[in-house]
Asks: 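The structure is given below, and queries will be raised subsequently.
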Amino acid sequence: MLRDWDRFLGPRQAWLVVALLPLLVIGASTALGHAISEDNASYVAALDGPAIPAFTYLGAKHMVTGVDHLLFLVGVVFFLHRLKDVLLYVSLFTLGHSITLLFGVLAEWKVDAYVVDAIIGLSVVYKAFENMGGFERVFGFTPNTRAAVLVFGLFHGLGLATKVQELALSDNGLVTNLLSFNVGVELGQFSALAGVVGLLLWWRRQPSFERSAFAVNATLMTAGFVLTEYQLAGWMLDS
């Protein structure tokens with residue numbers, strides 16, 4: 001975690017923020033439209049009974065194209081050096097979103113997708129701010145990261161549940177299909193994180209890591225604000 005802000009944001013790092021910001025904002029904007037496509041929705045809505053391959057593929061595709069989820073996970077693993085720590089935090093996130101994905105759909109929880117997605121955007125802001133040492137510097141304390149990852153995992157799962165409920169799935173084989181979708185989400189998450197963790201392991205050995213980590217997290221936080229503001233604007237317009 002970064003504590004001495006002034007050390008890490010020199011002129012070169014400021015330019016890095018300028019260079020990365022358009023890329024992450026574009027990525028964040030893409031995440032806003034990562035709802036399940038009409039073709040996929042029509043296909044799975046016509047299924048009657050267990051369809052494990054179809055829902056596994058749909059879950060993996062949804063996770064890989066869900067940039068908001070991936071941005072949060074990048075923030076989570078950004079400063080993790082040990083594999084067991086990566087597995088611990090990813091497992092907490094998985095536990096959280098698996099619970100609300102399954103129960104949200106089965107119990108037919110009706111939640112506003114805009115509000116949930118705005119909270120997901122704030123989860124990106126939160127983790128980037130924590131990585132920058134913001135809580136310790138501004139508020140004088142460091143939150144419990146494990147608890148935060150679990151709680152935000154619950155919201156991410158609720159966001160997935162809102163997308164799945166839009167599909168009007170058949171009750172026949174629903175539990176099997178939901179579990180298959182969740183497995184697909186985990187496979188997509190694992191595939192994306194494998195590349196991210198590998199890149200971070202390499203980058204941490206470079207002199208540029210300490211100089212640029214603050215700028216990258218500042219950019220990550222800005223992308224989270226873009227996600228949040230867009231969803232809140234949609235919520236207000238839709239009200």
Side-chain angles (χ1 to χ4, degrees), residues 20-37 40 53-101 116-117 119-128 130-131 145-146 148-150 152-164 178-204 209 212-213 216-217 219-224 226-227:
L20 288 177
L21 184 55
L23 298 177
L24 275 183
V25 169
I26 291 171
S29 300
T30 302
L32 304 173
H34 81 284
I36 296 168
S37 69
N40 286 333
F55 280 89
T56 301
Y57 166 77
L58 188 63
K61 179 182 177 183
H62 188 82
M63 188 65 185
V64 171
T65 58
V67 182
D68 47 0
H69 302 291
L70 296 178
L71 289 178
F72 176 72
L73 287 172
V74 168
V76 169
V77 303
F78 195 85
F79 284 116
L80 298 181
H81 294 271
R82 297 181 298 181
L83 179 59
K84 70 175 185 179
D85 290 329
V86 173
L87 293 175
L88 172 62
Y89 281 96
V90 171
S91 297
L92 287 171
F93 180 75
T94 297
L95 174 64
H97 78 66
S98 297
I99 290 172
T100 45
L101 169 61
V116 174
D117 285 343
I119 295 173
I120 290 174
L122 286 176
S123 73
V124 178
V125 174
Y126 169 93
K127 197 67 193 73
E130 182 188 28
N131 287 349
T145 304
R146 295 179 182 179
V149 169
L150 176 60
F152 281 124
L154 294 171
F155 281 104
H156 280 248
L158 197 56
L160 291 171
T162 63
K163 303 298 186 295
V164 173
L178 285 178
L179 291 173
S180 300
F181 183 85
N182 196 60
V183 169
V185 168
E186 302 316 319
L187 291 175
Q189 177 178 289
F190 174 80
S191 299
L193 278 181
V196 169
V197 171
L199 180 61
L200 285 171
L201 288 175
W202 170 82
W203 187 28
R204 289 193 192 106
F209 180 76
S212 304
V216 171
N217 278 281
T219 310
L220 190 66
M221 185 168 65
T222 302
V226 171
L227 286 167

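When a residue number appears, it is its place in the shown sequence, counting from 1.
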Asks: Which heavy atom of Val116 sits nearest a heavy atom of Phe155, and at what distance?
Replies: CG1-O, 3.5 Å
Asks: Considering only heavy atoms from C-beta outward, does the side chain of Leu73 approach that of Val196 to under 4.5 Å?
Replies: no
Asks: Looking at residues at least two apart in the chain, or sitting in another chain, which of them share a side-chain contact (heavy atoms from CB on, under 4.5 Å) with Leu87?
Replies: Leu83
Asks: Partners of Leu178 by side-chain contact (heavy atoms from CB on, under 4.5 Å), sequence neighbours excluded?
Replies: Leu102, Val105, Leu106, Val164, Leu174
Asks: Is there a side-chain contact between Asp68 and His156, using heavy atoms and a 4.5 Å cut-off?
Replies: no
Asks: Looking at Asn182 and Ser98, what are the two nearest heavy atoms and their distance?
Replies: ND2-OG, 3.1 Å
Asks: Between Val125 and Gly224, what is the shortest heavy-atom contact and its length?
Replies: CG2-C, 3.5 Å
Asks: Going by heavy atoms in the side chains, are Val185 and His69 under 4.5 Å from each other?
Replies: no
Asks: Holding to side-chain contact (heavy atoms from CB on, under 4.5 Å), I want the full list of residues that pass it with Thr162, two or more places apart in sequence or in another chain.
Replies: Val111, Ala113
Asks: Are any of the side-chain heavy atoms of Leu220 and Leu71 separated by less than 4.5 Å?
Replies: yes
Asks: Please state whether the rings of Phe152 and Phe72 are parallel, tilted or perpendicular, taking 30° and 60° as the class boundaries.
Replies: perpendicular
Asks: Rounded to the nearest 0.5 Å, how far does CG of Leu122 lie from CG of Leu227?
Replies: 9.5 Å
Asks: Could you work out, with ring pair (Phe, Tyr, Trp, His ring centres under 6.0 Å) as the rule, every residue matching Phe78, not counting sequence neighbours?
Replies: Trp203, Phe209
Asks: Measure the shortest side-chain to side-chain distance between Asn131 and Met221 over non-hydrogen atoms and say whether it is less than 4.5 angstrom.
Replies: no
Asks: As an exercise, state the distance from OG1 of Thr145 to CG of Leu92, rounded to the nearest 0.5 Å.
Replies: 10.5 Å
Asks: Yes or no on side-chain contact (heavy atoms from CB on, under 4.5 Å) for Lys163 and Leu58, after CA distance, side-chain angles and deciding distance?
Replies: CA-CA 11 Å; Lys163 303 298 186 295; Leu58 188 63; over 6 Å; no
Asks: For Arg204, look at atom CZ and say whether over 12 heavy atoms of other residues, nucleotides or ligands are found less than 6.0 Å away.
Replies: yes
Asks: Which distance, rounded to the nearest 0.5 Å, do you find between the OG1 of Thr56 and the CG of Leu187?
Replies: 7.0 Å
Asks: Rounded to the nearest 0.5 Å, what separates atom CG in Asp85 from atom CZ in Phe79?
Replies: 14.0 Å
Asks: Is there a side-chain contact between Leu80 and Tyr89, using heavy atoms and a 4.5 Å cut-off?
Replies: yes
Asks: State which residues pass side-chain hydrogen bond (donor to acceptor under 3.5 Å, both in side chains) with His97; sequence neighbours excluded, sorted by chain then number.
Replies: Glu186
Asks: Partners of Leu95 by side-chain contact (heavy atoms from CB on, under 4.5 Å), sequence neighbours excluded?
Replies: Ile99, Leu150
